[in-house]
2 protein chains.
Amino acid sequence: MNSPSPTRQARHELIDAGGRTAASFGVNKLLGQLFVVLYLAPRPLCLDELAEELGVSKASISLATRQLAGWGAIRRVWRKGDRRDFYEAEEDPRQILRNGVLDALQRKLDSAGRQFQEAIRTFEAAAKGRTDGDEAILLDRLRHAEATRAKVSGLLQHPLVRRMI
Amino acid sequence: MNSPSPTRQARHELIDAGGRTAASFGVNKLLGQLFVVLYLAPRPLCLDELAEELGVSKASISLATRQLAGWGAIRRVWRKGDRRDFYEAEEDPRQILRNGVLDALQRKLDSAGRQFQEAIRTFEAAAKGRTDGDEAILLDRLRHAEATRAKVSGLLQHPLVRRMI
DNA sequence: ATGATTGTTTAGAAGATTCTAAATGAAGGG
DNA sequence: CCCTTCATTTAGAATCTTCTAAACAATCAT
């Protein structure tokens, strides 16, 4: 509460934008807001400060911090002689991208790949030899989808991409 | 209903996986299921067939098809002499990536960029000259976040990436 | 026109998610 | 030990999303 009005306003808008962004990706908007608060904070903050700042119960903050910490977006910080847990944001957004977002994406792609290949095997076995009919179309589509998936997966691991991010 | 059991099972699992994937990205799982049904179908399907296939009301299908069509993932198809609307999937997943996913991502990044830059201007104006204190840290973080955002945005437009996808 | 068929809108039911307050747990200081 | 202070869990309230049935609109055939 030490800032004059325009910066407070700007800060408030950034927090709100964090919430909207989170929501637009289908995650709890509180996670986005919480991360922005920590990312902009000059020092680690405790649960009560976070709850106060966002006007939300401590229970919500407790859940939210654990989730964000699980993604590597924030981390717990101990202060000697203080029993409270403090949290600070991972200050390098690229770290979060790598460890949180891209990792999760890669896992999804891998899982989809296994599923595709299993389905392709099943359909190949069912339509042995025959290259016509509905199931041939379906197989074609499946193979096409799998090829694209593999391409995207490869792109994510490409050194150039890895280095740029 | 013409397939023997293992392929039916495989097809069912693909539809389910589509639903789970959609849900994991925070969108209505019906959209994912619906897309898979259409993507694997040997011919365009009408609303009633889709509702029947997924065990869901026609109203839901009506909303879902419109949303998917809006993303360019499926398209409406007319059959002469038939009053029903038929739908088919965009058969090239890369097209969907480009027009649906990457486009939306780019728009989000652009919007975030504008917001960052506006906030940076506000804080610069508030802390003119001074390079110490809490607001200096905050400005530093903001600039770092914006730099990363710009890098990701550039990566999405990089010809190499564009070509590979 | 009238009726039949199809797609859309809408009001509210059903179901998830997210939030809070209160109970519980854990740990340190007196 | 008991008391205080914090974090977590949990049960249920509040809110949001998604779904359906029914009303409506539009279009074609008779």
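Below, chain A is the first sequence line, B the second, and so on; all start at residue 1.
- The phosphate of dT9(C) has OP1 or OP2 within less than 4.0 Å of a side-chain N or O from R66(B).
- Salt bridge E135(A)/R11(B): absent, no basic N to carboxylate O contact under 4.0 Å.
- Phosphate proximity of dT18(D) to S60(B): absent, as no side-chain N or O sits under 4.0 Å from OP1 or OP2.
- Counting to the nearest Å, the C1' atom of dA26(C) and the CG atom of D85(A) are 12 Å from each other.
- In this entry the distance linking CG of N28(A) with P of dT15(D) reads 16 Å, nearest Å.
- Applying the 3.5 Å distance criterion, the base of dT6(C) shares no donor-acceptor pair with the side chain of R83(B).
- Nucleotide dC6(D) holds its P atom 14 Å from the CG atom of L50(A), rounded to whole Å.
- Under a 4.0 Å N-O distance rule, the pair E49(B)/R43(B) qualifies as a salt bridge.
- Between the P atom of dT27(D) and the CG atom of L47(B) lies a distance of 16 Å, rounded to the nearest Å.
- Comparing V27(A) and D48(B), the nucleotide of DNA chain C nearest to each residue sits closer to the 5' end for D48(B).
- In the set dC19(C), dC6(D), dT8(C), the nucleotide with an atom closest to the side chain of K58(A) is dC6(D).
- Taking the side chain of S57(B) as heavy atoms from C-beta on, and the options dT20(D), dC6(D), dT9(D), the nearest nucleotide is dT20(D).
- I61(A) has its CD1 atom 15 Å from the C1' atom of dC6(D), to the nearest Å.
- Listed by first and then second residue, the side-chain hydrogen bond (donor to acceptor under 3.5 Å, both in side chains) pairs involving residues 15-28 of chain B are K108(A)-S24(B), D16(B)-R20(B) (not counting sequence neighbours).
- In this model, a donor atom of one side chain and an acceptor atom of the other lie less than 3.5 Å apart for Q117(B) and E146(B).
- Residue whose closest nucleotide on DNA chain D sits further toward the 5' end, between L63(A) and D82(A): D82(A).
- Remark: P of dC19(D) and CG of L34(B) are 11 Å apart, rounded to the nearest angstrom.
- Taking 4.0 angstrom as the limit, S62(B) places a side-chain polar atom (N or O) nearer than this to OP1 or OP2 of dT8(C).
- Note: NZ (K29(B)) to C1' (dC16(D)) measures 16 Å, nearest angstrom.
- Put simply, the side chain of R141(B) never gets that close to the backbone of E91(A): no donor and acceptor are under 3.5 Å apart.
- One interatomic measurement links the two molecules: CD of Q67(A) to P of dT8(D), which rounds to 14 Å at whole-angstrom precision.
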